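Let me begin by presenting the structure, written as structure tokens, before commenting on it.
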Amino acid sequence: MPELAYLNGEILPIDKAQVPIEDRGYQFGDAVYEFIASYNGRLFCLEEHLDRLERSLNGLFFPSVSREAVRKAVLTLFEKAEIQRAGIYIQISRGVSPRNHAFPDGVRPQIVMTIREVEEKPPELRKNGATAITLEDFRWGRCDLKTVQLLPNVLAKQKALAAGVFDAIFVSSEGVVREATSSNICIVADGTVITHPLTPQILPGITRKVVIDLCRELDIPVSERFFKTDALYGAEESFLTGTVTEVLPIVTIDRHRIGDGQVGPVTAKLHETLRQRSIA
Ligand code: PMP
């Protein structure tokens, strides 16, 4: 089960893969990324991740990158590594060029990937639920594009850990609950699953979409609408969604107990169904 890297067409050990110091991803954060997981040797939602990658590339006005070439590279790396439960990180930067803010002429986007075993969330965290704090959102205005400019997310996650909790949830200055540092957030109120609508302020999470579809299939009412911190604190249940996060219950937020402080039935049902689908 080797951990491997892909570097512009070449597959090699991760510690042998190096990028030039004038890569624009390194100097400007001028790069986009995706993270795809596999279950039992099958990639989950590959096409959806490729769709979002294209959307991010277009959003940053990158020169065209062949979707087919990226898909082929992902599949080749995945086959080579033979990791059943893999996490594939894909990063595409605008290219390598002497440092200058303006887009350089005639450079090629640089495609790099790594593949490793997924680091599963601890079973106790899934069983007992996680804790979180809220934090005023101080990110840029295009959080719908999956760029590598993640410093606010990094600082927020660290602040959460320093506060002794699992994660931080970004909230607007008016108190609208947006998303967490690397996942979307849903609440359950009056039996309805509610999540922030798709706007430039949140990432269009693949798992968020899968969960919305599962709700419709399972006849669980679901609504994409704004909600504020008072609704979050008063929710029956709350949970995060993400590729590795899957559906993760949050049972305490800013010291408020959510519902009865236990993992709720809607959260448990959605996680169980998501797992069944992903390993099917
Ligand atoms: N929001 C943010 C800020 C994220 O980084 C992620 C994970 N990439 C998500 C939401 C969840 O997205 P997905 O379900 O596609 O993993």
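No experiment lies behind these values; they were computed from the predicted model shown. One-based numbering, in listed order, for ligands and for the atoms of each. Computed from heavy atoms alone, side chains included, the values below leave out hydrogens, waters and symmetry copies.
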Based purely on interatomic distance, does R208 place a nitrogen or oxygen under 3.5 Å from a nitrogen or oxygen of ligand 1? no

CD1/I90 to CD1/I111 distance, rounded to the nearest 0.5 angstrom? 9.0 Å

I need the nearest protein heavy-atom contact for atom 7 (C) of ligand 1: residue, atom name and distance, please. S182 O, 3.3 Å

Which of the ligand 1 atoms, numbered from 1, are nearer than 4.0 Å to a heavy atom of G242: 11 (C), 14 (O), 16 (O)

Test D254 against every option in T134, L232, V165 by the side chain to side chain contact (heavy atoms under 4.5 Å, CB included) rule and name the one that passes. T134

Mind checking whether R139 has an N or O less than 3.5 Å away from an N or O of ligand 1? no

Below 4.0 angstrom, N of the basic side chain to O of the carboxylate: do E246 and R126 qualify? yes

So which protein heavy atom does atom 14 (O) of ligand 1 come closest to, and at what separation? T207 OG1, 2.6 Å

For the student: nearest non-hydrogen atoms of A168 and A156, plus distance: CB-O, 3.5 Å

Between ligand 1 and T181, can you find any atom pair, the residue atom being a heavy atom, that is separated by under 4.0 Å? yes

Could you list the atoms of ligand 1 found under 4.0 angstrom from a heavy atom of R52? 12 (O), 13 (P), 15 (O)

Flag the pair R277 and E217 as a salt bridge only when some basic side-chain nitrogen lies within less than 4.0 angstrom of an acidic carboxylate oxygen. yes

Would you call K146 a ligand 1 contact, heavy-atom distance under 4.0 Å? yes

What's the spacing between K159 NZ and L135 CG if we round to 0.5 Å? 5.0 Å

For atom 12 (O) of ligand 1, what is the nearest protein heavy atom, given as residue, atom name and distance? G205 CA, 3.5 Å

Which atoms of ligand 1 have any heavy atom of I206 under 4.0 Å away? 13 (P), 14 (O), 15 (O)

Out of curiosity, Y39 OH to I279 CD1, how far, rounded to the nearest 0.5 Å? 9.5 Å

Decide if atom NZ of K157 counts as having more than 12 heavy atoms of other residues, nucleotides or ligands within a radius under 6.0 Å. yes

Examine the proximity of ligand 1 to N184 and report which part, side chain or backbone, both or neither, has a heavy atom under 4.0 Å away. both

Which ligand 1 atoms are under 4.0 Å away from a heavy-atom of E179? 1 (N), 2 (C), 3 (C), 10 (C)

Between T243 and ligand 1, is there a nitrogen or oxygen pair with a distance under 3.5 Å? yes

Taking 4.0 angstrom as the limit, do E47 and R52 come out as a salt bridge? no

How long is the straight-line distance from CD of Q91 back to NZ of K146, given to the nearest 0.5 Å? 11.5 Å

Does E48 reach ligand 1, in the sense of a heavy atom lying below 4.0 Å from it? no

Under a 4.0 angstrom heavy-atom cut-off, which atoms of ligand 1 come close to Y33? 5 (O)

